[in-house]
Amino acid sequence: MANIPSLRVLLVEDSSLLAARLAELIRRLPDVDLIGTVETESDALNRVAAATPDVLILDLHLRNGSGFGVLRTLSRAGRQRPKIIILTNFGLPEYRREAETFGVEAFLDKSRDYFRLPSLLTGFARDRAAAQGIS
């Protein structure tokens with residue numbers, strides 16, 4: 001996609017091992033750039049404000065704070081938020097329902113749905129290019 005910048009992704013994950021695996025996966029995707037990885041709720045909110053990512057991959061249980069805290073704050077911010085993919089070990093129905101009340105684009109269980117992440121991100125990049133009239 002020559003005329004537009006790559007899809008900018010911020011990863012919010014407190015497991016350094018999983019964060020490294022996800023970073024490797026994201027870096028292999030065309031037209032998708034990982035702009036950073038953070039481990040806490042406050043760092044996530046600061047990076048979203050400073051870097052304005054297109055997509056936020058968000059774990060629900062963080063080193064300090066929670067993914068739900070990030071969702072609550074972003075919903076109150078009154079400005080356009082990034083697309084949000086929840087990626088969690090806690091794929092409980094009640095967590096899914098709560099996340100959906102915030103309008104997340106996807107809710108993925110780390111153990112079952114990890115493989116869906118590349119297609120979601122490349123789909124977001126393709127949709128973004130189409131919206132800007134680029135094929």
Side-chain angles (χ1 to χ4, degrees):
M1 294 179 214
N3 296 329
I4 61 169
S6 295
L7 186 77
R8 297 164 40 85
V9 177
L10 177 64
L11 176 60
V12 184
E13 173 60 57
D14 64 344
S15 163
S16 58
L17 179 62
L18 183 57
R21 288 183 60 206
L22 289 168
E24 173 83 17
L25 175 95
I26 293 166
R27 286 187 185 106
R28 291 182 182 170
L29 299 174
D31 305 314
V32 178
D33 284 334
L34 180 64
I35 62 169
T37 301
V38 296
E39 301 179 338
T40 69
E41 181 179 330
S42 62
D43 287 344
L45 293 168
N46 290 334
R47 284 300 294 270
V48 166
T52 60
D54 300 306
V55 178
L56 188 63
I57 299 172
L58 181 62
D59 190 4
L60 292 179
H61 293 270
L62 302 172
R63 190 162 314 282
N64 289 309
S66 74
F68 284 118
V70 172
L71 291 171
R72 278 189 286 280
T73 300
L74 291 177
S75 73
R76 292 190 302 257
R79 64 180 190 275
Q80 186 175 357
R81 67 157 177 83
K83 292 183 181 298
I84 299 174
I85 299 171
I86 301 295
L87 184 63
T88 183
N89 280 322
F90 300 91
L92 303 170
E94 55 271 24
Y95 283 3
R96 178 182 297 274
R97 281 191 298 277
E98 186 175 353
E100 288 170 350
T101 66
F102 292 103
V104 301
E105 280 66 27
F107 186 97
L108 306 179
D109 184 298
K110 287 178 184 176
S111 62
R112 285 192 320 255
D113 303 320
Y114 176 85
F115 71 94
R116 291 184 50 210
L117 194 57
S119 63
L120 281 168
L121 293 173
T122 55
F124 291 158
R126 189 174 45 252
D127 292 348
R128 185 168 161 251
Q132 294 186 14
I134 300 168
S135 52

Please table the atom pairs, donor to acceptor, closer than 3.5 Å between any side-chain atom in residues 42-49 and protein atoms at least two apart or in another chain.
from, atom 1, to, atom 2, distance (Å)
Asp43, OD2, Thr40, OG1, 3.2
Asn46, ND2, Ser42, O, 3.2
Arg47, NH2, Ile35, O, 2.6

Does any N or O in the side chain of Arg112 come within less than 3.5 Å of the main-chain N or O of Gly91, such that one atom is a donor and the other an acceptor?
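Checking the backbone N and O of Gly91 against the side chain of Arg112, no donor-acceptor pair under 3.5 Å is found.
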Assigning hydrophobic clusters by single linkage (Ile, Leu, Val, Met, Phe, Trp, Tyr; side-chain heavy-atom cutoff under 4.5 Å), is [X] placed with [Y]?
X	Y	value
Leu7	Leu58	no
Leu121	Leu18	yes
Leu120	Leu11	yes
Leu22	Val104	no
Tyr114	Tyr95	no

Looking at Leu29, Val9, Ile85, which hits side-chain contact (heavy atoms from CB on, under 4.5 Å) with Leu117?
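Exactly one pass, corresponding to Ile85.
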Taking ring pair (Phe, Tyr, Trp, His ring centres under 6.0 Å) as the test, write out the residues that go with Phe102, two or more places apart.
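With sequence neighbours excluded, Phe102 shows a ring pair (Phe, Tyr, Trp, His ring centres under 6.0 Å) to no residue whatsoever.
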To the nearest 0.5 Å, how far apart are [atom1] in [X] and [atom2] in [Y]?
X	Y	atom1	atom2	answer
Asp59	Ile57	CG	CD1	11.0 Å
Ser6	Arg128	OG	CZ	7.5 Å
Leu87	Leu56	CG	CG	11.5 Å
Leu60	Arg96	CG	CZ	10.5 Å
Asp54	Phe124	CG	CZ	10.5 Å
Lys110	Ile86	NZ	CD1	11.0 Å

Distance-minimising heavy-atom pair for Pro82 and Pro53
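Taking every non-hydrogen atom into account, CB-O, 3.3 Å.
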Using a 6.0 Å cut-off, check whether atom CD of Gln80 has over 12 heavy atoms from anything other than its own residue.
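No, CD of Gln80 has 12 or fewer neighbouring heavy atoms, counting only those of other groups under 6.0 Å.
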Heavy-atom distance under 4.5 Å between the side chains of Leu74 and Ile84, does that happen here?
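A side-chain contact under 4.5 Å exists here.
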Worked verdict on Phe107 versus Thr88 for side-chain contact (heavy atoms from CB on, under 4.5 Å)
CA-CA 8 Å; Phe107 186 97; Thr88 183; 3.8 Å; yes
Donor-acceptor pairs under 3.5 Å, side chain of residues 63-71 to any protein atom, not counting sequence neighbours: which ones?
from, atom 1, to, atom 2, distance (Å)
Arg63, NE, Glu39, OE1, 2.9
Arg63, NH2, Asp14, O, 2.7
Ser66, OG, Phe68, N, 3.3
Ser66, OG, Gly69, N, 3.0

